[in-house]
Every structure is written in structure tokens, then in C-alpha cells.
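Quantities reported herein were computed from a predicted structural model and do not represent experimental measurements.
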Amino acid sequence: MRRLTVTFLGTNGWYDTATGNTICILIDAGAFYILLDAGNGIHKFNTYARAPKPVFLFLSHFHLDHIEGLHTLAKQRFTKGLTVISRKGARDILGRILIDPFTLALSDLPYSAEILETEEGPIDCPFPVETRFLRHSTPTLGFRFALAGKTIAYCPDTGTCENALKLAERADLLIAECAYRSGEELPEWPHLNPESAARLARDARAGQLALVHFDADRYRSFSDRNRARAAARKIFPRVIAARDGLVLKL
């Protein structure tokens, strides 16, 4: 059975620093490329993905650190087409951003591109995908993919919630945000910290946890990320602190 490749193109939250670009993750699923969010890390897509395949871009929500890389779509050559998937209202929201004078509209890109709006539940894709709304300051979707006999769950900006647990249940790989430092919580601005991300992985009985979306102001060095990993491993041992350029084989 073909192995999946997961490449972390951007692992920061909020803004770019020397530790990385804002959030974007590439999954090579054989017949398709899957992109998770479109922070500035998305500009590296063509460095890691050279074969022409259909591209599916899943946008969790519209905070700028998750969509600011969309203005670099013009440098890509998605010759098999691009499908952007997000919640209801995505077409209107993106239509106000992807337009002159800010950048090119999707219709002006040198390849076919379309937007698919979705609600909670399964998505009409060539591969199984489940979506659920997470607990954040704005409507935010998490995703669960079944690919090549493996399950990958993506829980971006969120506080602890039942839907995150459902998405992560027995996932081979849980990709979860870690915006806050160890022990930090702000109920009015829900995010995970190392311990709450680890408890999510433990309670969901996930196979492996990859921490991403490190708040750029709180995690200013890789040493900060390593401390987050160490704190998480006290609760759930199979944890990595992702960095830009990290490649996982599943």
C-alpha cells in the first residue's frame, strides 16, 4: 500500500518569523494533493510537489494567518485544477480579498480554480472527508481524512471541545494547534496549549500527535517548541513539534 507523505510548509501562527511561515500543510495522497490552510507556507508547494495532480485546499477559517498565502497562488501551476473548500460564505469572503487591487481573482489564475462551500459532515470529494466546527473566536472547521488506509485529523485554531475529540478519534496522525504556552488558557480566545493538545490525542487514542500553529509571539525559538513537546510528552508520549520542511511518512 502506498505511503502517505505529510510535509509541513508553514508551522507558525499569527506571523512569519525565523522559525517558520504561517500555517500550511501538504499531504501527498497519491492521486491528489491536499493542502491544509493557506498561510505563507503555501508558497513552498512547488518545492515539494512536482507531479501534476488535482489540488484540494481546505481552509479552516479566514483569520489572515490562514489565508494570507493565497496571493501567491499565481506562482503555482496547478495544471490539474484547484478546488478550495471551506464553510458556507467562503465564496463571498474570498471574493472580497482575492480581487484587484489586492491580488488576482481565482478566475484570473493560469489554471482552473473553484470554491466548494460545505457544512458539517461528509464532503463530496474524491476521497472521504468529514468536517466539524471547532471552538474558536470565529466559525472554524476541523477536518478528518481517510487516505490510503490511514486517518489524518486536522484540528487548527480551537479550544478543547467534543468535536475536536470526534475528529481525532483513533486517527493515525492528529495535527493539532499549539498556540499557547504550557498551562496558558484564555477562554475568550480559545486555543490549545501543549497539555490540552496532548490530552486531546490521549483521549482520542490517536497514534501520533504533531503540534503546529505555534503563536509567533509566544514561541520565538525552536527551544520554546521543544519545551512544548516535552510538556506534551508527559501526557501523550508520541508527540513531535513540527517545523517548516518536516516530512512525515505514514
Side-chain angles (χ1 to χ4, degrees), residues 9-10 13-14 21-27 29 32-43 45 53-76 78 80-147 152-159 161 163-164 166-167 175-177 179 189-191 212-213:
L9 304 182
W14 197 357
N21 291 128
T22 46
I23 187 77
C24 183
I25 299 154
L26 168 63
I27 302 172
F32 311 98
Y33 290 123
I34 297 170
L35 285 164
L36 306 179
D37 279 323
N40 282 329
I42 198 173
H43 82 272
F45 173 88
K53 304 175 188 180
V55 179
F56 294 84
L57 168 58
F58 292 83
L59 297 179
S60 61
H61 62 301
F62 303 107
H63 281 160
L64 285 177
D65 56 337
H66 292 253
I67 65 169
E68 61 189 333
L70 290 173
H71 76 98
T72 68
L73 288 178
K75 80 181 284 284
Q76 306 294 345
F78 297 148
K80 298 295 184 180
L82 169 68
T83 303
V84 180
I85 300 169
S86 194
R87 66 169 175 85
K88 292 290 185 182
R91 193 171 288 106
D92 176 64
I93 293 169
L94 294 176
R96 285 181 269 151
I97 297 172
L98 302 180
I99 193 170
D100 182 75
F102 307 117
T103 188
L104 289 180
L106 289 182
S107 59
D108 293 328
L109 293 172
Y111 47 83
S112 63
E114 63 175 343
I115 296 173
L116 173 64
E117 295 184 348
T118 187
E119 297 179 348
E120 278 195 323
I123 298 178
D124 185 15
C125 280
F127 43 85
V129 188
E130 178 187 354
T131 68
R132 289 183 181 270
F133 279 105
L134 300 174
R135 178 175 162 250
H136 194 41
S137 59
T138 187
T140 299
L141 286 173
F143 304 96
R144 178 183 175 92
F145 302 89
L147 303 162
I152 298 175
Y154 178 50
C155 293
D157 298 26
T158 185
C161 64
N163 276 351
K166 290 178 179 178
L167 289 172
I175 304 170
E177 69 124 351
W189 194 256
H191 280 289
V212 295
H213 192 267

Point-to-point distance, once rounded to the nearest 0.5 Å, from NE2 of His191 to CZ of Arg135:
11.0 Å

May I ask you to test the Lys166-Arg144 pair for a side-chain heavy-atom distance under 4.5 Å?
no

Quick check: do Ile23 and His66 have side-chain heavy atoms less than 4.5 Å from each other?
yes

Evaluate Glu117 against Asp92 for side chain to side chain contact (heavy atoms under 4.5 Å, CB included), listing each step before the verdict.
CA-CA 10 Å; Glu117 295 184 348; Asp92 176 64; 5.8 Å; no

Is there a side-chain contact between Thr118 and Leu141 in this structure, where contact means two heavy atoms from C-beta onward sitting under 4.5 Å apart?
yes

Main chain of Leu134, side chain of Asn163: is a donor-acceptor contact present, judged purely on distance under 3.5 Å?
no

Gap between atom CZ of Phe56 and atom CZ of Phe143 - 0.5 Å precision:
13.5 Å

Considering residues at least two apart in sequence or located in another chain, which fulfil the salt bridge (charged side-chain N to carboxylate O under 4.0 Å, His left out) criterion with Glu114?
none

To check you understand the geometry: which heavy-atom pair defines the closest contact between Pro190 and Gly159, and what is its length?
CB-N, 3.6 Å

Using the rule given for ring-ring contact (aromatic ring centres under 6.0 Å, His included), can you reason through Tyr33 versus Phe78, listing the C-alpha separation, both sets of side-chain angles and the distance that settles it, and then say yes or no?
CA-CA 10 Å; Tyr33 290 123; Phe78 297 148; 8.4 Å; no

So how far is it from Leu59 CG to Leu35 CG, rounded to the nearest 0.5 Å?
9.5 Å

So does Thr158 get a backbone contact from the side chain of Glu177, meaning a donor-acceptor N/O pair under 3.5 Å?
yes

For Gly121, is there any backbone N or O sitting under 3.5 Å from a side-chain donor or acceptor partner on Thr131?
yes

Which heavy atom of Ile115 sits nearest a heavy atom of Ala90, and at what distance?
CG2-CB, 4.2 Å

Please enumerate all residues that pass salt bridge (charged side-chain N to carboxylate O under 4.0 Å, His left out) together with Glu130, with sequence neighbours excluded.
Arg132

Considering all heavy atoms of both residues, which atom of Thr140 and which atom of Pro156 are nearest to each other, and what is their separation?
CG2-CG, 4.3 Å

Any non-hydrogen side-chain atom of Phe62 less than 4.5 Å from a side-chain atom of Ser86?
yes

Working note: Ile152 + Ile34, criterion side chain to side chain contact (heavy atoms under 4.5 Å, CB included); need CA distance, chi angles, decisive distance, verdict.
CA-CA 11 Å; Ile152 298 175; Ile34 297 170; over 6 Å; no

Asp37 side chain to His213 side chain, donor-acceptor N/O pair below 3.5 angstrom
no

Interatomic distance, Leu106 atom CG to Leu70 atom CG [nearest 0.5 angstrom]:
8.0 Å

Check step by step if side chain to side chain contact (heavy atoms under 4.5 Å, CB included) holds for Lys80 and Val55.
CA-CA 7 Å; Lys80 298 295 184 180; Val55 179; over 6 Å; no

Aromatic ring pairing Trp189/His63, orientation class (parallel under 30°, perpendicular over 60°, tilted between)
parallel

Could you tell me whether the side chain of Cys24 reaches within less than 4.5 Å of the side chain of Phe45, counting heavy atoms only?
no

Nearest heavy atoms of Ile42 and Leu9, plus distance in Å:
CA-CD1, 4.4 Å

Considering all heavy atoms of both residues, which atom of Leu116 and which atom of Asp124 are nearest to each other, and what is their separation?
CD2-O, 4.1 Å

Rounding to 0.5 Å, atoms CG (Leu64) and CG (Asn40) come to a distance of 10.0 Å

Of all the heavy-atom pairs spanning Phe58 and Cys125, show the shortest one and how long it is.
CZ-SG, 4.2 Å

Which label fits His61 and His136: parallel for a plane angle under 30°, tilted from 30 to 60°, or perpendicular past 60°?
perpendicular

So how far is it from Phe133 CZ to Leu167 CG, rounded to the nearest 0.5 Å?
11.5 Å

Would you say that Leu104 contacts Leu73 through its side chain, given a criterion of any heavy-atom pair below 4.5 Å between the two side chains?
no

Any donor-acceptor pair under 3.5 Å linking the side chain of Asn21 with the backbone of Gly10?
no

